[in-house]
Engineer: 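Before I ask anything, let me first share the structure, which is written out below as structure tokens.
Side-chain atoms are counted along with the backbone in the values below, which use heavy atoms only and exclude waters and symmetry mates. For this chain, numbers begin at 1 and follow the sequence in order. In each ligand, atom 1 is the first atom listed, and ligand 1 is the first ligand listed.
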Amino acid sequence: MTAAGRVAVLVSGEGSNLQALLDHVHGRDGIEIVAVAASNPRAHGLERAEDAGVETGVFEVGGDTDRTERDGALAAWLERRDVTLVVLAGWMQLLSADFVRRFHGRLLNVHPSLLPAFPGLGAIERALEHGVRVTGVTIHFVDEGTDSGPIILQRAIDLPYAARVEEVEREIHAVEHELLPEAVRAVARGSVRIDPDDPLRVVHEEGDGGRE
Ligand code: GRF
């Protein structure tokens with residue numbers, strides 16, 4: 001197994017992107033999903049992980065636990081499992097700067113817009129309210145800002161006039177379910193990484209459709 005082949009996925013809800021990774025990445029090309037963490041115990045992604053025989057954990061903020069403590073416990077749980085790549089797949093909470101630094105260059109997020117347009121929550125709704133004619137999906141490395149890290153892959157979709165949120169969500173999800181597995185495979189095999197000379201950009205090795 002390659003150094004980046006032990007993958008953890010972080011979820012907060014439905015987990016359809018986790019399912020795409022379980023179906024198309026897990027157990028292939030030396031990549032294993034070894035852990036799934038949820039920010040709440042009701043996340044449906046937990047059931048998907050259990051059905052696939054993947055270890056799960058719940059890491060909530062609340063009561064005596066603040067975000068810094070939660071993120072410290074989560075990072076330690078991931079490190080104990082020798083996780084080499086962490087994928088935020090519908091993880092709906094900010095992560096502390098320390099967590100982001102610990103997994104620098106090994107932390108990915110999927111976002112339902114063409115970043116840098118519409119970062120943060122409600123990206124699909126805001127794109128529609130704005131009347132944009134094209135939106136899409138971005139997979140990026142996570143930095144300390146909100147959806148501001150170096151971009152790995154993007155794919156656009158055209159928006160018809162009067163598009164409905166539910167239809168666009170369906171289309172965006174279908175694109176995410178292709179693009180996220182593609183990005184995880186590329187990062188795991190080491191053919192995509194943050195450019196050491198320009199940390200706002202990503203270098204793709206030849207053959208990955210990127211730029212050098
Ligand atoms: C996706 O649209 C992703 O872009 C966003 O949250 C949604 C998660 O969906 N960050 P799911 O939980 O993977 O079904």
Engineer: First locate atom CZ of R193, then atom CZ of R201, and finally report the distance between them rounded to the nearest 0.5 Å.
Structural biologist: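 These two atoms lie 13.5 Å from each other.
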Engineer: With salt bridge (charged side-chain N to carboxylate O under 4.0 Å, His left out) as the test, would you mind laying out the steps for R101 and E144 before giving the verdict?
Structural biologist: CA-CA 8 Å; R101 277 196 294 270; E144 288 167 35; 3.4 Å; yes
Engineer: Would you compute the distance between atom NE2 of H24 and atom CD1 of I31 and round it to the nearest 0.5 angstrom?
Structural biologist: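 If I round to the nearest 0.5 Å, the distance is 13.5 Å.
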Engineer: Can you list the other members of the hydrophobic cluster that holds V100, where links are side-chain heavy atoms under 4.5 angstrom apart?
Structural biologist: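 In the cluster with V100 are L10, V34, F59, L74, W77, L78, V83, V86, L88, W91, L95, F99, F103, L107, V142.
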Engineer: Quick check: closest heavy atoms across N40 and E60, and the distance to 0.1 Å?
Structural biologist: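 Closest pair (atom of N40, atom of E60, distance): CA-CG, 3.9 Å.
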Engineer: Please tabulate protein-ligand N/O pairs under 3.5 Å for ligand 1, atom names and distances to 0.1 Å.
Structural biologist:
{"from": "ligand 1", "atom 1": "2 (O)", "to": "E176", "atom 2": "OE1", "distance (Å)": "3.1"}
{"from": "ligand 1", "atom 1": "2 (O)", "to": "E176", "atom 2": "OE2", "distance (Å)": "3.0"}
{"from": "ligand 1", "atom 1": "4 (O)", "to": "V110", "atom 2": "O", "distance (Å)": "3.4"}
{"from": "ligand 1", "atom 1": "4 (O)", "to": "E176", "atom 2": "OE2", "distance (Å)": "2.4"}
{"from": "ligand 1", "atom 1": "9 (O)", "to": "H173", "atom 2": "NE2", "distance (Å)": "3.4"}
{"from": "ligand 1", "atom 1": "10 (N)", "to": "V110", "atom 2": "O", "distance (Å)": "3.1"}
{"from": "ligand 1", "atom 1": "12 (O)", "to": "G15", "atom 2": "N", "distance (Å)": "2.8"}
{"from": "ligand 1", "atom 1": "13 (O)", "to": "S16", "atom 2": "N", "distance (Å)": "3.3"}
{"from": "ligand 1", "atom 1": "13 (O)", "to": "N17", "atom 2": "N", "distance (Å)": "2.9"}
{"from": "ligand 1", "atom 1": "13 (O)", "to": "N17", "atom 2": "ND2", "distance (Å)": "2.8"}
{"from": "ligand 1", "atom 1": "14 (O)", "to": "S16", "atom 2": "N", "distance (Å)": "2.9"}
{"from": "ligand 1", "atom 1": "14 (O)", "to": "S16", "atom 2": "OG", "distance (Å)": "2.5"}

Engineer: Working to the nearest 0.5 Å, report the span between CD of Q93 and CG of D71.
Structural biologist: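 Output value for this atom pair is 8.5 Å.
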